[in-house]
S.K.: 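Pasting in a structure now, in C-alpha coordinates, and then I'll have a few things to ask.
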2 protein chains.
Amino acid sequence: MRPVTTPAADPEKPEPDAAPPRSRAGAARRERGEQTRQLILETALRLFRERGYTETTMRAIAKEAGVAVGNAYYYFDSKEHLIQGFYDRNQVVHRAAVAPLLATERDFAARLRGALHAGIEANQPYHSFAATFFKSAAEPTSPLSPFSSASSPAREAAIAIFRDVVEGSDAKVDPELRAALPELLWLSWMGVILFWVYDSSPDQRRTKRLIDGAVPLVDRLVSLSRLRVLRPALRQVLALIKDVQRDD
Amino acid sequence: MRPVTTPAADPEKPEPDAAPPRSRAGAARRERGEQTRQLILETALRLFRERGYTETTMRAIAKEAGVAVGNAYYYFDSKEHLIQGFYDRNQVVHRAAVAPLLATERDFAARLRGALHAGIEANQPYHSFAATFFKSAAEPTSPLSPFSSASSPAREAAIAIFRDVVEGSDAKVDPELRAALPELLWLSWMGVILFWVYDSSPDQRRTKRLIDGAVPLVDRLVSLSRLRVLRPALRQVLALIKDVQRDD
DNA sequence: CCGCCTCCTTGAACGCGTTCAACTAGTGAC
DNA sequence: GTCACTAGTTGAACGCGTTCAAGGAGGCGG
(Lines give C-alpha, C1' and ligand atoms only; values in the text may rest on other atoms or scores of the structure.)
Protein backbone atom coordinates (compact mmCIF):
# COMPACT_ATOMS: atom_id res chain seq x y z
CA MET A 1 0.00 0.00 0.00
CA ARG A 2 1.50 3.23 -1.14
CA PRO A 3 0.73 6.35 0.84
CA VAL A 4 -1.75 8.51 -0.97
CA THR A 5 -0.79 12.11 -1.38
CA THR A 6 -3.15 14.76 -0.16
CA PRO A 7 -4.20 17.22 -2.87
CA ALA A 8 -3.24 20.43 -1.15
CA ALA A 9 -1.03 20.09 1.87
CA ASP A 10 0.75 23.11 3.23
CA PRO A 11 4.42 22.16 3.17
CA GLU A 12 5.53 24.95 5.46
CA LYS A 13 3.01 24.17 8.20
CA PRO A 14 4.85 24.30 11.52
CA GLU A 15 4.79 20.91 13.17
CA PRO A 16 2.67 21.07 16.29
CA ASP A 17 4.31 18.04 17.86
CA ALA A 18 7.98 17.49 18.53
CA ALA A 19 9.55 18.72 15.35
CA PRO A 20 13.11 17.45 15.07
CA PRO A 21 15.19 20.10 13.34
CA ARG A 22 16.61 17.85 10.66
CA SER A 23 19.83 19.25 9.35
CA ARG A 24 20.85 18.54 5.80
CA ALA A 25 18.71 15.62 4.75
CA GLY A 26 16.79 15.67 1.51
CA ALA A 27 14.04 18.23 1.32
CA ALA A 28 11.81 16.17 -0.94
CA ARG A 29 11.70 13.32 1.52
CA ARG A 30 10.85 15.65 4.35
CA GLU A 31 8.04 17.07 2.32
CA ARG A 32 6.62 13.65 1.64
CA GLY A 33 6.87 12.83 5.31
CA GLU A 34 4.98 16.00 6.15
CA GLN A 35 2.26 14.99 3.73
CA THR A 36 1.93 11.62 5.40
CA ARG A 37 1.75 13.35 8.73
CA GLN A 38 -1.04 15.63 7.61
CA LEU A 39 -2.85 12.73 5.99
CA ILE A 40 -2.82 10.75 9.22
CA LEU A 41 -3.91 13.73 11.30
CA GLU A 42 -6.77 14.68 9.00
CA THR A 43 -7.95 11.10 8.73
CA ALA A 44 -7.87 10.75 12.50
CA LEU A 45 -9.82 13.96 13.13
CA ARG A 46 -12.41 12.96 10.54
CA LEU A 47 -12.90 9.57 12.14
CA PHE A 48 -13.07 11.14 15.60
CA ARG A 49 -15.83 13.39 14.31
CA GLU A 50 -17.67 10.56 12.61
CA ARG A 51 -17.38 7.85 15.24
CA GLY A 52 -16.11 9.43 18.42
CA TYR A 53 -12.70 9.17 20.02
CA THR A 54 -12.73 5.83 21.82
CA GLU A 55 -14.60 4.15 18.99
CA THR A 56 -11.89 5.16 16.55
CA THR A 57 -9.00 2.71 16.69
CA MET A 58 -5.46 3.39 15.62
CA ARG A 59 -5.80 0.45 13.24
CA ALA A 60 -8.84 2.08 11.65
CA ILE A 61 -7.03 5.39 11.26
CA ALA A 62 -4.06 3.67 9.66
CA LYS A 63 -6.21 1.58 7.35
CA GLU A 64 -8.34 4.54 6.30
CA ALA A 65 -5.22 6.60 5.66
CA GLY A 66 -3.65 3.73 3.75
CA VAL A 67 -0.58 3.40 5.96
CA ALA A 68 0.70 0.91 8.49
CA VAL A 69 -0.30 1.38 12.10
CA GLY A 70 3.32 1.79 13.10
CA ASN A 71 3.59 4.72 10.74
CA ALA A 72 1.08 6.71 12.76
CA TYR A 73 3.32 6.21 15.77
CA TYR A 74 6.27 7.52 13.82
CA TYR A 75 4.56 10.89 13.62
CA PHE A 76 2.48 10.91 16.79
CA ASP A 77 3.68 9.64 20.13
CA SER A 78 0.28 8.29 21.04
CA LYS A 79 -3.37 8.38 20.16
CA GLU A 80 -3.84 11.25 22.58
CA HIS A 81 -1.32 13.35 20.74
CA LEU A 82 -3.66 13.40 17.80
CA ILE A 83 -6.07 15.44 19.88
CA GLN A 84 -3.73 18.38 20.02
CA GLY A 85 -4.61 19.00 16.39
CA PHE A 86 -8.24 19.14 17.38
CA TYR A 87 -7.47 21.79 20.00
CA ASP A 88 -5.54 23.93 17.57
CA ARG A 89 -8.36 23.78 15.08
CA ASN A 90 -11.00 24.77 17.62
CA GLN A 91 -8.81 27.56 18.85
CA VAL A 92 -8.87 29.07 15.38
CA VAL A 93 -12.63 28.65 15.09
CA HIS A 94 -13.17 30.34 18.43
CA ARG A 95 -10.95 33.25 17.52
CA ALA A 96 -12.69 33.76 14.20
CA ALA A 97 -16.12 33.56 15.77
CA VAL A 98 -15.48 36.37 18.27
CA ALA A 99 -13.51 38.59 15.93
CA PRO A 100 -16.49 40.52 14.49
CA LEU A 101 -17.92 41.23 17.92
CA LEU A 102 -14.59 42.29 19.36
CA ALA A 103 -14.08 44.61 16.43
CA THR A 104 -17.25 46.59 17.07
CA GLU A 105 -18.66 46.12 20.56
CA ARG A 106 -17.02 48.19 23.31
CA ASP A 107 -19.00 47.18 26.38
CA PHE A 108 -16.95 44.87 28.58
CA ALA A 109 -19.80 42.61 29.66
CA ALA A 110 -21.02 42.19 26.10
CA ARG A 111 -17.52 41.38 24.89
CA LEU A 112 -16.94 38.82 27.62
CA ARG A 113 -20.33 37.25 27.14
CA GLY A 114 -19.73 37.03 23.42
CA ALA A 115 -16.34 35.44 23.84
CA LEU A 116 -17.68 32.81 26.19
CA HIS A 117 -20.70 31.96 24.09
CA ALA A 118 -18.59 31.77 20.95
CA GLY A 119 -16.21 29.41 22.68
CA ILE A 120 -19.02 27.12 23.76
CA GLU A 121 -20.51 27.21 20.29
CA ALA A 122 -17.20 26.25 18.71
CA ASN A 123 -17.10 23.18 20.87
CA GLN A 124 -20.79 22.33 20.73
CA PRO A 125 -20.59 19.79 17.86
CA TYR A 126 -18.08 17.78 19.84
CA HIS A 127 -19.83 17.77 23.20
CA SER A 128 -20.69 14.09 23.03
CA PHE A 129 -17.08 13.02 23.02
CA ALA A 130 -15.45 16.11 24.45
CA ALA A 131 -15.77 14.24 27.72
CA THR A 132 -13.33 11.65 26.45
CA PHE A 133 -10.91 14.30 25.33
CA PHE A 134 -11.30 15.98 28.65
CA LYS A 135 -10.40 12.77 30.41
CA SER A 136 -7.03 12.83 28.70
CA ALA A 137 -6.56 16.52 29.25
CA ALA A 138 -7.28 16.21 32.93
CA GLU A 139 -4.18 14.20 33.65
CA PRO A 140 -1.55 16.69 34.75
CA THR A 141 1.27 14.70 33.17
CA SER A 142 -0.50 14.58 29.84
CA PRO A 143 0.74 16.90 27.14
CA LEU A 144 -2.92 17.62 26.51
CA SER A 145 -3.38 19.27 29.85
CA PRO A 146 -4.27 22.94 29.33
CA PHE A 147 -1.53 23.74 31.84
CA SER A 148 1.18 21.66 30.17
CA SER A 149 4.05 23.22 28.33
CA ALA A 150 2.99 21.39 25.19
CA SER A 151 -0.25 23.35 25.29
CA SER A 152 1.51 26.66 25.90
CA PRO A 153 0.92 28.06 22.42
CA ALA A 154 -2.76 27.15 22.46
CA ARG A 155 -3.08 28.52 26.00
CA GLU A 156 -1.38 31.77 25.09
CA ALA A 157 -3.66 32.12 22.10
CA ALA A 158 -6.69 31.61 24.31
CA ILE A 159 -5.47 34.12 26.87
CA ALA A 160 -4.89 36.54 24.02
CA ILE A 161 -8.59 36.43 23.23
CA PHE A 162 -9.40 37.54 26.74
CA ARG A 163 -6.72 40.17 26.66
CA ASP A 164 -8.47 41.50 23.61
CA VAL A 165 -11.78 41.35 25.47
CA VAL A 166 -10.32 43.53 28.23
CA GLU A 167 -8.18 45.92 26.27
CA GLY A 168 -10.66 46.61 23.54
CA SER A 169 -13.38 47.45 26.02
CA ASP A 170 -14.23 50.83 27.48
CA ALA A 171 -14.32 49.36 30.97
CA LYS A 172 -12.41 51.28 33.58
CA VAL A 173 -10.30 48.71 35.33
CA ASP A 174 -7.87 49.11 38.16
CA PRO A 175 -4.43 48.99 36.50
CA GLU A 176 -3.10 46.32 38.83
CA LEU A 177 -6.08 44.14 38.06
CA ARG A 178 -5.93 44.91 34.38
CA ALA A 179 -2.64 43.10 33.96
CA ALA A 180 -3.87 39.97 35.67
CA LEU A 181 -7.39 40.02 34.30
CA PRO A 182 -6.90 38.21 30.98
CA GLU A 183 -5.40 35.20 32.70
CA LEU A 184 -8.11 35.25 35.33
CA LEU A 185 -10.77 35.33 32.65
CA TRP A 186 -9.07 32.46 30.87
CA LEU A 187 -9.14 30.52 34.13
CA SER A 188 -12.84 31.26 34.43
CA TRP A 189 -13.19 30.07 30.87
CA MET A 190 -11.56 26.79 31.86
CA GLY A 191 -14.13 26.60 34.63
CA VAL A 192 -16.94 27.17 32.15
CA ILE A 193 -15.53 24.46 29.91
CA LEU A 194 -15.34 22.14 32.89
CA PHE A 195 -18.96 22.89 33.69
CA TRP A 196 -19.92 22.43 30.05
CA VAL A 197 -18.28 19.04 29.83
CA TYR A 198 -20.34 17.91 32.78
CA ASP A 199 -23.50 19.61 31.53
CA SER A 200 -25.93 17.01 30.27
CA SER A 201 -28.93 19.34 29.97
CA PRO A 202 -30.40 19.65 26.45
CA ASP A 203 -28.27 21.94 24.30
CA GLN A 204 -26.17 22.52 27.40
CA ARG A 205 -28.62 25.18 28.48
CA ARG A 206 -27.30 25.24 31.98
CA THR A 207 -23.88 26.30 30.74
CA LYS A 208 -25.48 29.16 28.82
CA ARG A 209 -27.42 30.18 31.90
CA LEU A 210 -24.20 30.06 33.87
CA ILE A 211 -22.51 32.38 31.41
CA ASP A 212 -25.42 34.80 31.25
CA GLY A 213 -25.66 34.87 35.02
CA ALA A 214 -21.99 35.07 35.81
CA VAL A 215 -20.93 37.71 33.29
CA PRO A 216 -22.88 40.57 34.95
CA LEU A 217 -21.38 39.57 38.29
CA VAL A 218 -17.88 39.59 36.87
CA ASP A 219 -18.61 42.91 35.21
CA ARG A 220 -19.80 44.36 38.49
CA LEU A 221 -16.79 42.98 40.31
CA VAL A 222 -14.40 44.47 37.79
CA SER A 223 -16.08 47.87 38.08
CA LEU A 224 -15.87 47.72 41.84
CA SER A 225 -12.15 47.03 41.63
CA ARG A 226 -11.54 50.77 41.40
CA LEU A 227 -13.28 51.61 44.63
CA ARG A 228 -10.83 52.79 47.21
CA VAL A 229 -12.41 50.75 50.01
CA LEU A 230 -11.86 47.55 48.11
CA ARG A 231 -8.23 48.27 47.33
CA PRO A 232 -6.83 46.24 50.21
CA ALA A 233 -9.02 43.25 49.35
CA LEU A 234 -8.00 43.42 45.71
CA ARG A 235 -4.35 43.69 46.69
CA GLN A 236 -4.78 40.67 48.91
CA VAL A 237 -6.32 38.64 46.11
CA LEU A 238 -3.64 39.60 43.62
CA ALA A 239 -0.94 38.87 46.17
CA LEU A 240 -2.43 35.44 46.78
CA ILE A 241 -2.39 34.68 43.08
CA LYS A 242 1.20 35.77 42.77
CA ASP A 243 2.12 33.83 45.89
CA VAL A 244 0.46 30.70 44.66
CA GLN A 245 2.09 30.92 41.27
CA ARG A 246 5.50 31.16 42.91
CA ASP A 247 7.15 27.91 41.98
CA ASP A 248 9.06 26.67 45.00
CA MET B 1 -21.66 -8.11 32.57
CA ARG B 2 -23.53 -10.21 34.99
CA PRO B 3 -24.19 -13.92 34.47
CA VAL B 4 -26.84 -14.75 31.95
CA THR B 5 -30.44 -15.94 32.37
CA THR B 6 -33.19 -14.89 34.75
CA PRO B 7 -34.31 -11.45 33.74
CA ALA B 8 -37.62 -12.14 35.50
CA ALA B 9 -36.20 -13.69 38.63
CA ASP B 10 -34.39 -10.52 39.64
CA PRO B 11 -36.44 -7.61 38.31
CA GLU B 12 -34.52 -4.89 40.11
CA LYS B 13 -31.29 -3.85 38.48
CA PRO B 14 -28.55 -5.29 40.65
CA GLU B 15 -26.22 -2.64 42.00
CA PRO B 16 -22.86 -3.35 40.43
CA ASP B 17 -20.78 -1.88 43.16
CA ALA B 18 -22.33 -1.76 46.60
CA ALA B 19 -23.35 -4.96 48.31
CA PRO B 20 -26.36 -6.15 46.33
CA PRO B 21 -29.41 -6.80 48.51
CA ARG B 22 -30.29 -10.12 46.96
CA SER B 23 -33.57 -11.34 48.25
CA ARG B 24 -33.86 -15.00 49.16
CA ALA B 25 -30.61 -16.60 48.06
CA GLY B 26 -28.38 -18.55 50.41
CA ALA B 27 -26.81 -16.52 53.16
CA ALA B 28 -23.66 -18.58 53.50
CA ARG B 29 -22.82 -18.23 49.85
CA ARG B 30 -23.40 -14.52 49.93
CA GLU B 31 -21.08 -14.26 52.87
CA ARG B 32 -18.37 -16.14 51.06
CA GLY B 33 -18.90 -13.94 48.06
CA GLU B 34 -18.55 -10.85 50.22
CA GLN B 35 -15.27 -12.22 51.56
CA THR B 36 -13.95 -12.70 48.05
CA ARG B 37 -15.05 -9.19 47.21
CA GLN B 38 -13.21 -7.74 50.17
CA LEU B 39 -10.15 -9.83 49.41
CA ILE B 40 -9.99 -8.52 45.87
CA LEU B 41 -10.56 -4.92 46.94
CA GLU B 42 -7.93 -5.00 49.67
CA THR B 43 -5.41 -6.69 47.43
CA ALA B 44 -6.04 -4.12 44.73
CA LEU B 45 -5.66 -1.15 47.06
CA ARG B 46 -2.47 -2.59 48.50
CA LEU B 47 -0.97 -3.06 45.06
CA PHE B 48 -2.08 0.42 44.02
CA ARG B 49 -0.27 1.77 47.05
CA GLU B 50 2.84 -0.32 46.41
CA ARG B 51 3.16 0.04 42.65
CA GLY B 52 0.81 2.77 41.54
CA TYR B 53 -2.44 2.47 39.64
CA THR B 54 -1.43 2.00 36.01
CA GLU B 55 1.46 -0.28 36.95
CA THR B 56 -0.92 -2.60 38.75
CA THR B 57 -2.56 -4.97 36.29
CA MET B 58 -5.83 -6.78 36.80
CA ARG B 59 -3.93 -10.01 36.27
CA ALA B 60 -1.55 -9.11 39.08
CA ILE B 61 -4.42 -8.29 41.41
CA ALA B 62 -6.13 -11.58 40.61
CA LYS B 63 -2.95 -13.59 40.99
CA GLU B 64 -2.02 -11.91 44.27
CA ALA B 65 -5.53 -12.49 45.59
CA GLY B 66 -5.46 -16.07 44.39
CA VAL B 67 -8.48 -15.83 42.12
CA ALA B 68 -9.10 -15.82 38.40
CA VAL B 69 -9.04 -12.50 36.60
CA GLY B 70 -12.65 -12.96 35.57
CA ASN B 71 -13.63 -13.20 39.20
CA ALA B 72 -12.53 -9.63 39.85
CA TYR B 73 -14.88 -8.56 37.09
CA TYR B 74 -17.71 -10.43 38.74
CA TYR B 75 -17.48 -8.05 41.68
CA PHE B 76 -16.19 -4.89 40.04
CA ASP B 77 -17.37 -3.65 36.69
CA SER B 78 -13.93 -2.35 35.79
CA LYS B 79 -10.53 -1.53 37.15
CA GLU B 80 -11.68 2.01 37.82
CA HIS B 81 -14.45 0.81 40.05
CA LEU B 82 -11.83 -0.44 42.45
CA ILE B 83 -10.86 3.17 43.12
CA GLN B 84 -14.17 3.93 44.76
CA GLY B 85 -12.96 1.92 47.73
CA PHE B 86 -9.96 4.19 47.90
CA TYR B 87 -12.20 7.23 48.04
CA ASP B 88 -14.33 5.82 50.80
CA ARG B 89 -11.27 5.02 52.84
CA ASN B 90 -9.81 8.49 52.49
CA GLN B 91 -13.14 10.02 53.32
CA VAL B 92 -13.03 8.26 56.70
CA VAL B 93 -9.45 9.34 57.31
CA HIS B 94 -10.30 12.96 56.52
CA ARG B 95 -13.29 12.93 58.81
CA ALA B 96 -11.30 11.45 61.67
CA ALA B 97 -8.46 13.91 61.19
CA VAL B 98 -10.65 17.00 61.54
CA ALA B 99 -12.88 15.66 64.29
CA PRO B 100 -10.73 16.87 67.24
CA LEU B 101 -10.42 20.36 65.83
CA LEU B 102 -14.11 20.64 65.02
CA ALA B 103 -14.94 19.51 68.54
CA THR B 104 -13.03 22.34 70.19
CA GLU B 105 -12.30 25.26 67.86
CA ARG B 106 -15.14 27.71 67.28
CA ASP B 107 -13.57 30.25 64.94
CA PHE B 108 -14.87 29.79 61.42
CA ALA B 109 -11.62 30.53 59.60
CA ALA B 110 -9.66 28.19 61.83
CA ARG B 111 -12.21 25.41 61.34
CA LEU B 112 -12.21 25.82 57.59
CA ARG B 113 -8.46 26.01 57.39
CA GLY B 114 -8.16 22.89 59.52
CA ALA B 115 -10.61 20.97 57.41
CA LEU B 116 -8.81 21.83 54.20
CA HIS B 117 -5.35 21.06 55.53
CA ALA B 118 -6.55 17.78 57.00
CA GLY B 119 -8.05 16.82 53.67
CA ILE B 120 -4.83 17.53 51.84
CA GLU B 121 -2.85 15.63 54.44
CA ALA B 122 -5.10 12.60 54.11
CA ASN B 123 -4.36 12.49 50.40
CA GLN B 124 -0.69 13.41 50.61
CA PRO B 125 0.71 9.85 50.54
CA TYR B 126 -1.09 9.21 47.27
CA HIS B 127 -0.17 12.39 45.45
CA SER B 128 2.12 10.63 43.00
CA PHE B 129 -0.64 8.59 41.49
CA ALA B 130 -3.62 10.65 42.51
CA ALA B 131 -3.22 12.16 39.08
CA THR B 132 -4.08 8.85 37.50
CA PHE B 133 -7.11 8.46 39.72
CA PHE B 134 -8.07 11.97 38.87
CA LYS B 135 -7.93 11.15 35.20
CA SER B 136 -10.63 8.57 35.70
CA ALA B 137 -12.65 10.78 37.98
CA ALA B 138 -12.59 13.61 35.50
CA GLU B 139 -14.68 11.77 32.96
CA PRO B 140 -18.26 12.88 33.58
CA THR B 141 -19.70 9.52 32.60
CA SER B 142 -17.41 7.72 35.00
CA PRO B 143 -18.95 6.50 38.23
CA LEU B 144 -15.83 7.90 39.88
CA SER B 145 -16.76 11.45 39.03
CA PRO B 146 -17.36 13.36 42.25
CA PHE B 147 -20.62 14.54 40.71
CA SER B 148 -21.86 11.10 39.73
CA SER B 149 -24.70 9.40 41.52
CA ALA B 150 -22.38 6.54 42.38
CA SER B 151 -20.32 8.99 44.40
CA SER B 152 -23.36 10.48 46.13
CA PRO B 153 -22.69 8.90 49.52
CA ALA B 154 -19.05 9.96 49.53
CA ARG B 155 -20.01 13.42 48.32
CA GLU B 156 -22.69 13.81 50.96
CA ALA B 157 -20.21 12.72 53.61
CA ALA B 158 -17.73 15.31 52.39
CA ILE B 159 -20.34 18.05 52.35
CA ALA B 160 -21.30 17.02 55.87
CA ILE B 161 -17.80 17.89 57.03
CA PHE B 162 -18.21 21.41 55.73
CA ARG B 163 -21.69 21.66 57.19
CA ASP B 164 -20.05 20.84 60.48
CA VAL B 165 -17.41 23.49 59.83
CA VAL B 166 -20.14 26.10 59.35
CA GLU B 167 -22.67 25.07 61.97
CA GLY B 168 -20.19 24.44 64.75
CA SER B 169 -18.62 27.83 64.29
CA ASP B 170 -19.53 31.07 65.98
CA ALA B 171 -19.54 32.89 62.64
CA LYS B 172 -22.54 35.04 61.99
CA VAL B 173 -23.70 34.08 58.55
CA ASP B 174 -26.58 35.39 56.53
CA PRO B 175 -29.29 32.71 56.87
CA GLU B 176 -29.82 32.41 53.11
CA LEU B 177 -26.14 31.91 52.59
CA ARG B 178 -25.84 29.55 55.54
CA ALA B 179 -27.96 26.92 53.81
CA ALA B 180 -25.90 26.98 50.64
CA LEU B 181 -22.52 27.47 52.25
CA PRO B 182 -21.54 23.85 52.98
CA GLU B 183 -21.99 22.87 49.35
CA LEU B 184 -20.12 25.96 48.20
CA LEU B 185 -17.26 25.13 50.54
CA TRP B 186 -17.24 21.57 49.23
CA LEU B 187 -17.03 22.95 45.71
CA SER B 188 -14.10 25.08 46.79
CA TRP B 189 -12.60 21.96 48.29
CA MET B 190 -12.90 20.26 44.90
CA GLY B 191 -11.08 23.25 43.47
CA VAL B 192 -8.33 22.87 46.04
CA ILE B 193 -8.03 19.18 45.21
CA LEU B 194 -7.84 20.05 41.54
CA PHE B 195 -5.08 22.52 42.28
CA TRP B 196 -3.32 19.97 44.48
CA VAL B 197 -3.37 17.32 41.79
CA TYR B 198 -1.62 19.73 39.46
CA ASP B 199 0.71 21.01 42.15
CA SER B 200 4.20 19.69 41.53
CA SER B 201 5.98 21.94 44.03
CA PRO B 202 7.85 20.13 46.82
CA ASP B 203 5.44 18.89 49.46
CA GLN B 204 2.73 20.63 47.50
CA ARG B 205 3.61 23.87 49.26
CA ARG B 206 1.72 25.94 46.77
CA THR B 207 -1.52 24.20 47.68
CA LYS B 208 -0.88 24.96 51.32
CA ARG B 209 -0.19 28.59 50.48
CA LEU B 210 -3.39 28.65 48.47
CA ILE B 211 -5.37 27.41 51.46
CA ASP B 212 -3.73 29.78 53.91
CA GLY B 213 -4.27 32.70 51.59
CA ALA B 214 -7.79 31.89 50.50
CA VAL B 215 -9.31 31.03 53.86
CA PRO B 216 -9.08 34.58 55.27
CA LEU B 217 -10.65 35.89 52.08
CA VAL B 218 -13.52 33.44 52.34
CA ASP B 219 -13.90 34.29 56.00
CA ARG B 220 -14.08 37.98 55.18
CA LEU B 221 -16.55 37.34 52.38
CA VAL B 222 -18.79 35.30 54.63
CA SER B 223 -18.76 38.03 57.27
CA LEU B 224 -19.64 40.65 54.69
CA SER B 225 -22.61 38.58 53.59
CA ARG B 226 -24.66 40.15 56.37
CA LEU B 227 -24.11 43.72 55.22
CA ARG B 228 -27.30 45.22 53.89
CA VAL B 229 -25.57 46.83 50.90
CA LEU B 230 -24.37 43.48 49.69
CA ARG B 231 -27.75 41.79 50.01
CA PRO B 232 -28.71 42.24 46.35
CA ALA B 233 -25.37 40.91 45.16
CA LEU B 234 -25.63 37.91 47.47
CA ARG B 235 -29.18 37.26 46.29
CA GLN B 236 -27.97 37.43 42.73
CA VAL B 237 -25.23 34.91 43.34
CA LEU B 238 -27.51 32.49 45.14
CA ALA B 239 -30.11 32.85 42.41
CA LEU B 240 -27.50 32.07 39.80
CA ILE B 241 -26.49 28.93 41.62
CA LYS B 242 -30.08 27.80 41.92
CA ASP B 243 -30.73 28.66 38.30
CA VAL B 244 -27.73 26.75 37.10
CA GLN B 245 -28.60 23.70 39.16
CA ARG B 246 -32.07 23.61 37.59
CA ASP B 247 -32.03 20.49 35.50
CA ASP B 248 -33.83 21.21 32.27
C1' DC C 1 28.34 3.81 -10.73
C1' DC C 2 28.55 2.27 -5.88
C1' DG C 3 27.90 2.13 -1.01
C1' DC C 4 26.09 4.44 2.91
C1' DC C 5 23.49 7.21 5.84
C1' DT C 6 19.13 8.61 7.26
C1' DC C 7 14.32 9.22 6.88
C1' DC C 8 10.42 6.66 6.34
C1' DT C 9 7.47 2.52 6.40
C1' DT C 10 6.02 -2.03 7.64
C1' DG C 11 3.28 -5.56 10.32
C1' DA C 12 3.91 -9.08 13.62
C1' DA C 13 4.09 -9.25 18.48
C1' DC C 14 3.30 -7.77 23.36
C1' DG C 15 0.73 -6.77 27.39
C1' DC C 16 -3.15 -4.65 28.74
C1' DG C 17 -8.41 -4.34 30.23
C1' DT C 18 -12.32 -6.78 29.40
C1' DT C 19 -15.71 -10.52 27.93
C1' DC C 20 -17.87 -14.90 27.89
C1' DA C 21 -19.25 -19.68 27.59
C1' DA C 22 -18.53 -23.27 30.47
C1' DC C 23 -18.08 -25.24 34.87
C1' DT C 24 -18.59 -25.89 40.23
C1' DA C 25 -20.95 -26.38 44.17
C1' DG C 26 -24.12 -24.69 47.84
C1' DT C 27 -29.23 -24.19 48.52
C1' DG C 28 -34.05 -24.86 48.73
C1' DA C 29 -38.20 -27.42 47.10
C1' DC C 30 -40.29 -31.68 46.87
C1' DG D 1 -32.42 -38.24 48.68
C1' DT D 2 -32.63 -35.98 44.56
C1' DC D 3 -32.77 -32.47 41.45
C1' DA D 4 -33.14 -27.93 39.44
C1' DC D 5 -31.44 -23.44 40.21
C1' DT D 6 -28.11 -20.01 40.49
C1' DA D 7 -24.27 -17.35 42.82
C1' DG D 8 -19.68 -17.95 42.28
C1' DT D 9 -15.52 -19.10 39.60
C1' DT D 10 -12.58 -20.15 35.76
C1' DG D 11 -9.19 -19.01 31.97
C1' DA D 12 -8.95 -18.76 27.11
C1' DA D 13 -9.91 -15.36 23.81
C1' DC D 14 -10.73 -10.64 21.88
C1' DG D 15 -9.58 -6.09 20.49
C1' DC D 16 -7.16 -2.42 21.90
C1' DG D 17 -2.85 0.93 22.15
C1' DT D 18 1.78 0.52 21.62
C1' DT D 19 6.60 -1.30 20.44
C1' DC D 20 10.23 -2.89 17.63
C1' DA D 21 13.30 -5.32 14.59
C1' DA D 22 13.54 -5.33 9.94
C1' DG D 23 13.44 -3.53 5.60
C1' DG D 24 12.93 -0.07 1.76
C1' DA D 25 14.33 4.19 -0.75
C1' DG D 26 15.98 8.88 -1.81
C1' DG D 27 20.14 11.70 -1.65
C1' DC D 28 25.14 12.36 -1.24
C1' DG D 29 30.23 11.54 -1.12
C1' DG D 30 33.39 8.68 -3.47
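Sequence lines set the chain letters: A, B, ... in the order given, protein chains first and strands last, and positions in each chain run from 1.
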S.K.: Respond yes when some side-chain nitrogen or oxygen of B:Tyr73 is under 4.0 Å from OP1 or OP2 of C:dT18, and no when none is.
M.R.: yes
S.K.: Dot-bracket for DNA chain C, 5' to 3', counting Watson-Crick or G-U wobble pairs under 3.5 Å, with [ ] for crossing pairs and | for inter-strand pairs?
M.R.: ||||||||||||||||||||||||||||||
S.K.: What nucleotide, of D:dT18, C:dT9, C:dT10, holds the atom closest to the side chain of A:Lys79?
M.R.: D:dT18
S.K.: Checking A:Asp164 now: which residues fulfil side chain to side chain contact (heavy atoms under 4.5 Å, CB included) with it, not counting sequence neighbours?
M.R.: A:Arg95, A:Leu102, A:Arg111
S.K.: With a 4.0 Å cutoff (strictly under), does any side-chain N or O of B:Tyr75 reach OP1 or OP2 of D:dT9?
M.R.: yes
S.K.: Is the Lys NZ or Arg CZ of A:Arg37 less than 6.0 Å from the centre of A:Phe76's six-membered ring, within 45° of the axis?
M.R.: yes
S.K.: Strictly by salt bridge (charged side-chain N to carboxylate O under 4.0 Å, His left out), give each pair with a member in residues 140-154 of chain A just once, sequence neighbours left out.
M.R.: none
S.K.: Identify, residue by residue, the members of residues 49-62 of chain B with a heavy atom below 4.0 Å from DNA chain D, and return them in order of residue number, or none.
M.R.: B:Arg59
S.K.: Whole angstroms only, please: what is the NZ-C1' distance between B:Lys63 and D:dG11?
M.R.: 14 Å
S.K.: Got a sec, which residues hit side chain to side chain contact (heavy atoms under 4.5 Å, CB included) with B:Ala118, two or more places apart in sequence or on another chain?
M.R.: B:His94, B:Ala97, B:Val98
S.K.: Rounded off to whole Å, could you give me the CD1-to-P distance for the A:Ile40 and D:dT18 pair?
M.R.: 14 Å
S.K.: If you only use heavy atoms from C-beta on, which nucleotide in C:dT9, C:dG17, D:dT9 is closest to the side chain of B:Thr36?
M.R.: D:dT9
S.K.: A:Arg37 has an atom CZ; how far is it from atom P of C:dC7, in whole Å?
M.R.: 15 Å
S.K.: Rounded to the nearest angstrom, tell me the gap between atom CZ in B:Phe76 and atom P in D:dG8.
M.R.: 13 Å
S.K.: If I take atom OH in residue A:Tyr74 and atom P in nucleotide D:dT18, what distance separates them, rounded to the nearest angstrom?
M.R.: 18 Å
S.K.: Would you please name every residue forming a side chain to side chain contact (heavy atoms under 4.5 Å, CB included) with B:Leu39, sequence neighbours left out?
M.R.: B:Thr43, B:Ala65
S.K.: Can you name the one residue among B:Asp199, B:Val192, B:Ile193 that meets side-chain contact (heavy atoms from CB on, under 4.5 Å) with B:Phe195?
M.R.: B:Asp199
S.K.: Can you name the residues that form a side chain to side chain donor-acceptor pair (under 3.5 Å) with B:Arg163, not counting sequence neighbours?
M.R.: none
S.K.: Hey, what are the protein-to-nucleotides 21-23 of chain D N/O distances that come in under 3.5 Å?
M.R.:
none

S.K.: For residues 182-190 of chain A, tabulate all N or O donor-acceptor pairs below 3.5 Å that involve a side-chain atom, not counting sequence neighbours.
M.R.:
| unit_1 | atom_1 | unit_2 | atom_2 | d |
| --- | --- | --- | --- | --- |
| A:Ser188 | OG | A:Leu184 | O | 2.9 |

S.K.: For B:Arg113, check salt bridge (charged side-chain N to carboxylate O under 4.0 Å, His left out) against everything at least two apart and list the hits.
M.R.: B:Asp212
S.K.: Scan residues 49-64 of chain B for pairs that pass side chain to side chain donor-acceptor pair (under 3.5 Å), counting only residues two or more places apart or in two chains.
M.R.: B:Arg46-B:Glu50, B:Arg46-B:Glu64
S.K.: Using side chain to side chain contact (heavy atoms under 4.5 Å, CB included) as the criterion, list what pairs up with A:Asn90, not counting sequence neighbours.
M.R.: A:Phe86, A:Asn123, A:Tyr126
S.K.: Rounding to an integer number of Å, can you tell me how far B:Gln38 CD sits from D:dG8 P?
M.R.: 13 Å
S.K.: In whole angstrom, what separates B:His81's NE2 from C:dG17's C1'?
M.R.: 14 Å
S.K.: Looking at the side chain of B:Val69, which of D:dT9, D:dG17, D:dG11 is the nearest nucleotide?
M.R.: D:dG11
